[in-house]
S.K.: 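I have a structure I would like to understand better, so I am pasting it below and will then ask my questions one at a time.
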Amino acid sequence: MSNRVTLKAYAKVNLSLDITGKRADGYHLLDSVMQSVSLFDTVTVEKASDGIVIDCPVCGDRSNIAYKASEMYLDAAGIASGVRITVDKHIPVCGGLGGGSADCAATLLALNGIFGAFTADKLSNMAGSLGADVPFCMVGGTARCRGIGELIEPLPAIRGLYLVLISDGDKPSTGEMYRRIDGASALSHPDNGALSAEIARGDLRAASAHMLNVFESVWERTELDAKFALLRLHGAFHCGLSGSGPTVFGLFDSREAAENCAVSARKIYRLVNICHTVESGCEIIE
């Protein structure tokens with residue numbers, strides 16, 4: 001066991017996302033093919049004498065999901081000592097890229113690296129109670145996720161795929177986006193079974209024909225279409241929305257094409273990142 005653990009907490013994109021129902025408790029049922037990408041926050045957790053301290057530039061208080069994860073872990077394990085959590089943010093906040101969930105997942109893994117109180121299954125159950133994307137962010141790679149995010153079906157790793165992310169733009173709250181979904185008269189739904197099958201066959205071009213995010217049906221199309229047009233102009237073979245937005249992404253076969261696209265996008269947009277697929281949700285640095 002160590003007194004200090006540092007991890008890379010990788011962002012995710014929803015290659016495809018559907019809403020398949022709503023439970024009696026109000027939680028929406030999801031069906032999403034998710035992919036970890038190389039854009040990451042760095043999360044360091046250190047053992048302390050008592051209490052929980054979080055140092056994060058965007059949310060340094062008890063409302064931070066990493067703080068809540070620490071509180072839950074220490075209480076469940078009956079641990080009296082405290083922790084200090086330091087988050088170096090690079091994933092755009094509230095962008096649909098799972099930044100908070102990734103930080104939470106990394107925090108749980110770091111805590112278990114320090115204290116070793118729980119099995120992997122128990123840690124995963126804890127993650128599911130904290131947020132829909134947290135279980136995936138603990139595992140990462142390529143996977144189809146269903147239920148409220150707790151049912152994870154690993155898929156063959158997608159390698160050599162480059163992405164350009166454009167995260168500029170305001171959006172209503174995630175709750176408001178779900179209310180729009182609930183109130184929509186018509187929604188476009190993906191076929192995530194067909195998508196998963198094409199990924200298993202290794203045909204990303206064929207797979208991309210099945211990629212669709214149901215939230216695109218309730219977004220203002222002018223804003224999405226302008227970003228999609230820019231990405232396609234520079235060679236993206238698919239464009240999509242991640243989460244409930246506002247981040248859109250383009251998929252590229254080559255790094256050179258992605259880099260050329262990013263150069264052009266940065267002349268118009270402020271929050272542009274280029275990244276590639278990775279095969280884990282978190283990675284221990286030290």
Side-chain angles (χ1 to χ4, degrees), residues 7-17 30 32-43 87-106 109 131-145 149 152 154-169 192 195-196 199 202 204 207-208 211-213 215 227-228 231 234-262 265-266 269 271-285:
L7 300 97
K8 291 181 179 179
Y10 290 113
K12 61 82 185 174
V13 295
N14 299 89
L15 296 177
S16 191
L17 174 60
L30 310 175
S32 179
V33 175
M34 299 173 69
Q35 175 64 52
S36 300
V37 297
S38 58
L39 178 64
F40 65 91
D41 293 343
T42 303
V43 178
V87 182
D88 182 15
K89 288 295 295 180
H90 296 281
I91 302 172
V93 178
C94 298
L97 296 170
S101 296
D103 297 344
C104 179
L109 291 170
D133 290 336
V134 182
F136 170 77
C137 288
M138 288 186 68
V139 179
T142 311
R144 184 177 181 183
C145 303
I152 301 175
L155 294 170
I158 294 176
R159 300 185 177 99
L161 182 66
Y162 296 89
L163 301 90
V164 174
L165 312 177
I166 303 175
S167 300
D168 294 58
N192 287 332
L195 171 56
S196 298
I199 290 174
L204 282 185
S208 68
M211 295 178 186
L212 179 66
N213 186 331
F215 282 103
K227 294 173 183 174
F228 287 176
L231 293 165
H234 290 85
F237 66 85
H238 174 77
C239 301
L241 179 74
S242 188
S244 59
T247 298
V248 302
F249 61 88
L251 303 183
F252 295 83
D253 291 318
S254 75
R255 182 175 185 87
E256 181 181 8
E259 288 176 341
N260 290 337
C261 179
R266 288 179 180 129
Y269 300 106
L271 295 174
V272 177
N273 285 284
I274 179 173
C275 55
H276 58 84
T277 53
V278 295
E279 296 180 35
S280 62
C282 297
E283 179 184 347
I284 295 176
I285 301 173

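Counting begins at 1 with the first residue of the sequence.
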S.K.: Does Leu163 reach the side chain of Val13, with side-chain heavy atoms less than 4.5 Å apart?
M.R.: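 A side-chain contact under 4.5 Å exists here.
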
S.K.: Cation-pi between Lys227 and Tyr269: NZ/CZ under 6.0 Å from ring centre and within 45° of the ring axis?
M.R.: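 That pair qualifies as a cation-pi contact.
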
S.K.: Are more than 12 heavy atoms, taken from residues, nucleotides or ligands other than Ile284, located less than 6.0 Å from that residue's CD1 atom?
M.R.: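 Result for CD1/Ile284: open.
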
S.K.: Looking only at heavy atoms, what is the nearest atom pair of Gly243 and Leu17, with distance?
M.R.: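 The pair with the smallest heavy-atom distance is O-CD2, 3.8 Å.
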
S.K.: Distance-only, no hydrogens or angles: does the Asp41 side chain make a donor-acceptor pair with backbone N or O of Ala9 under 3.5 Å?
M.R.: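 A pair under 3.5 Å: no.
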
S.K.: I'd like to know if the side chain of Ser36 reaches the main chain of Gly140, judged simply by a donor and an acceptor atom lying under 3.5 Å from each other, with no hydrogens or angles considered.
M.R.: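 Absent.
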
S.K.: Indicate yes or no for a side-chain donor-acceptor contact from Thr247 to the backbone of Gly96 under 3.5 Å, with no hydrogens or angles considered.
M.R.: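 No: the side chain of Thr247 does not pair with the backbone of Gly96.
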
S.K.: Out of curiosity, Tyr10 OH to Cys137 SG, how far, rounded to the nearest 0.5 Å?
M.R.: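 Between Tyr10 OH and Cys137 SG, I get 13.0 Å after rounding to 0.5 Å.
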
S.K.: Do you know which two heavy atoms are closest between Ala102 and Cys282, and how far apart they sit?
M.R.: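 So the two residues come closest at O-SG, 4.3 Å.
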
S.K.: Stepwise, does the side chain to side chain contact (heavy atoms under 4.5 Å, CB included) test hold for Arg159 with Glu279?
M.R.: CA-CA 8 Å; Arg159 300 185 177 99; Glu279 296 180 35; 2.6 Å; yes

S.K.: Would Leu165 and Leu97 count as a side chain to side chain contact (heavy atoms under 4.5 Å, CB included) here? Give the steps.
M.R.: CA-CA 10 Å; Leu165 312 177; Leu97 296 170; 4.1 Å; yes

S.K.: To the nearest 0.5 Å, how far apart are OG in Ser101 and CG in Asp133?
M.R.: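 It is 4.5 Å, given to the nearest 0.5 Å.
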
S.K.: Whether the side chain of Thr142 engages the backbone of Leu155 through a donor-acceptor N/O pair (distance < 3.5 Å, no angle test) should be reported.
M.R.: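 No; judged by distance alone, with no hydrogens or angles, the pair does not exist.
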
S.K.: Just so I know, are the side chains of Val33 and Ser196 near enough to count as touching, which here means a heavy-atom distance under 4.5 Å?
M.R.: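 In contact.
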
S.K.: Where the side chain of Asp88 meets the backbone of Thr42, is there a donor-acceptor pair that is under 3.5 Å apart?
M.R.: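 No; zero donor-acceptor contacts below 3.5 Å.
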
S.K.: Would you say the side-chain atoms of Asn213 pair up with the backbone N or O of Leu241, donor to acceptor, closer than 3.5 Å?
M.R.: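 The answer is yes, because a donor-acceptor pair under 3.5 Å joins these two groups.
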
S.K.: Taking side chain as C-beta onward, heavy atoms only, is Asn192 less than 4.5 Å from Arg144?
M.R.: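 In short, these two side chains touch, coming nearer than 4.5 Å.
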
S.K.: Once you round to the nearest 0.5 Å, how far does CD of Gln35 lie from CZ of Phe249?
M.R.: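 That separation rounds to 10.0 Å.
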
S.K.: Which heavy-atom pair separates Phe252 from His234 by the least distance, and what is that distance?
M.R.: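 Phe252 and His234 have their closest heavy atoms at CE2-O, 3.3 Å.
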
S.K.: Rounded to the nearest 0.5 Å, how far apart are CG of Leu251 and OH of Tyr162?
M.R.: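 These two atoms lie 13.5 Å from each other.
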
S.K.: Which distance, rounded to the nearest 0.5 Å, do you find between the SG of Cys239 and the CE of Met211?
M.R.: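 Going from the SG atom of Cys239 to the CE atom of Met211 covers 11.5 Å.
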
S.K.: Counting neighbours of CD on Glu259 that are heavy atoms of other residues, nucleotides or ligands and sit closer than 6.0 Å, is the number greater than 12?
M.R.: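 More than 12 heavy atoms, drawn from other residues, nucleotides or ligands, come within 6.0 Å of this atom.
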
S.K.: Test side chain to side chain contact (heavy atoms under 4.5 Å, CB included) on Ile166 and Arg266; report intermediate values, then the result.
M.R.: CA-CA 9 Å; Ile166 303 175; Arg266 288 179 180 129; over 6 Å; no

S.K.: Mind checking the CG-OG1 spacing from Leu161 to Thr277? Nearest 0.5 Å is all I need.
M.R.: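 Going from the CG atom of Leu161 to the OG1 atom of Thr277 covers 5.5 Å.
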
S.K.: If you compare all heavy atoms of Pro135 against all heavy atoms of Gly149, which two are closest, and at what distance to 0.1 Å?
M.R.: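 Taking every non-hydrogen atom into account, CB-O, 3.7 Å.
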
S.K.: Under 3.5 Å, side chain of Ser280 to main-chain N/O of Glu283, donor-acceptor pair present?
M.R.: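 No.
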
S.K.: Give the minimum heavy-atom separation between Cys145 and Met34, together with the two atoms involved.
M.R.: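 Closest approach of Cys145 to Met34: SG-SD, 3.7 Å.
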
S.K.: For side chain to side chain contact (heavy atoms under 4.5 Å, CB included), just list the numbers for Leu231 and Val164, CA-CA rounded to whole Å, side-chain angles, deciding distance to a tenth of an Å, and then say yes or no.
M.R.: CA-CA 8 Å; Leu231 293 165; Val164 174; 3.9 Å; yes

S.K.: Is any side-chain heavy atom of Leu109 closer than 4.5 Å to a side-chain heavy atom of Met138?
M.R.: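 Yes, at least one pair of side-chain atoms sits under 4.5 Å.
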
S.K.: Are Leu15 and Ile158 packed together at the side-chain level, in the sense that at least one heavy-atom pair is separated by less than 4.5 angstrom?
M.R.: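 Leu15 vs Ile158: side chains touch.
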
S.K.: For a quick test of reading the model, state the closest non-hydrogen atom pair linking Ile152 to Ala143 and the distance between them.
M.R.: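 Where Ile152 meets Ala143 most closely, the heavy atoms are CG2-CB, 3.8 Å.
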
